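What follows is one structure encoded as structure tokens, with my remarks underneath.
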Amino acid sequence: EAQVTQNPRYLITVTGKKLTVTCSQNMNHEYMSWYRQDPGLGLRQIYYSMNVEVTDKGDVPEGYKVSRKEKRNFPLILESPSPNQTSLYFCATLASFFSPDSPLHFGNGTRLTVT
Amino acid sequence: GQQLNQSPQSMFIQEGEDVSMNCTSSSIFNTWLWYKQEPGEGPVLLIALYKAGELTSNGRLTAQFGITRKDSFLNISASIPSDVGIYFCAGLATNAGKSTFGDGTTLTVKP
């Protein structure tokens, strides 16, 4: 079954404690992306990756890092989390950003609370 | 960054009524996507549009990719209670790698 798997689903942490949210896909998709969703602000893109070893900033990259060392995984790293990073995070994948028939497929989300 | 204006922000309708929502942008997109999100879940793809002028249906849902490539609409006919949720549009600019989402339309259907 085609899947985008995020872990963990829920995470409560304290300010400054480094954390990683994982995203894994089994569809051999080239493109992967991270979003945060906040009330009234919709989905905002944090970082994206067009392929292995290729990453770029989205609209709200401050305070986040990503890596794409292999095709299936795209972890989101918060080196020093702050309360304003409390949010619902989604990972999404797409077969190829240059393919004419490629929709975004979403994971089930990670709800992060930073106290 | 690019912005999408999605309207209306919310809708309260009676079961059986038709629904229409739309997204507009000042930027051109190569792909328009429509998603539905329910509480605690990730967005689920409803309809994908890849060509300007394209009109696509999925059951009671119909969506169109505007000719100018700057807008799209989604219609739901004969609404039912399980249509309740938040509907999002998304535009992909395939030369840039970025994706932009509307702020969502919250749909409430009264039985």
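Everything numeric here is computed off the predicted structure, so don't read it as measured data. In the text below, chain A, chain B and the rest are named by the order of the sequence lines, each starting its count at 1.
A donor-acceptor contact shorter than 3.5 Å links the side chain of B:Glu54 to the backbone of B:Tyr50. A donor-acceptor pair under 3.5 Å links the side-chain atoms of B:Thr68 to the main chain of B:Lys70, judged by distance alone.
Counting heavy-atom pairs under 4.5 Å between each of A:Gly42, A:Ser49, A:Cys91 and chain B puts A:Gly42 at the top. Annotation: maximal heavy-atom pairing with chain B below 4.5 Å, among A:Val4, A:Leu88, A:Leu94, A:Leu104, occurs at A:Leu104.
With a 4.5 Å cut-off on non-hydrogen atoms, B:Gln6 does not touch chain A at all.
For residues 25-36 of chain A, the interface with chain B (any heavy-atom pair closer than 4.5 Å) comprises A:Tyr31, A:Tyr35, sorted by residue number.
Looking at B:Lys36 and B:Glu38, a side-chain N of the basic residue comes within less than 4.0 Å of a carboxylate O on the acidic one, giving a salt bridge. Under a 4.0 Å N-O distance rule, the pair A:Glu79/A:Lys65 qualifies as a salt bridge. Between B:Lys98 and A:Asp56 there is no salt bridge, since none of the side-chain N atoms of the basic residue sits less than 4.0 Å from a carboxylate O of the acidic one.
In the model, B:Ser77 has no side-chain atom that pairs as donor or acceptor with a side-chain atom of B:Asp18 under 3.5 Å.
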Side-chain atoms of residues 106-115 of chain A: list all donor-acceptor pairs with protein atoms under 3.5 Å, sequence neighbours left out, distances to 0.1 Å.
residue  : atom : partner : partner atom : Å
A:Thr110 : OG1  : A:Gln6  : NE2          : 3.2
A:Thr110 : OG1  : A:Pro8  : O            : 2.6
A:Thr115 : OG1  : A:Thr13 : O            : 3.2

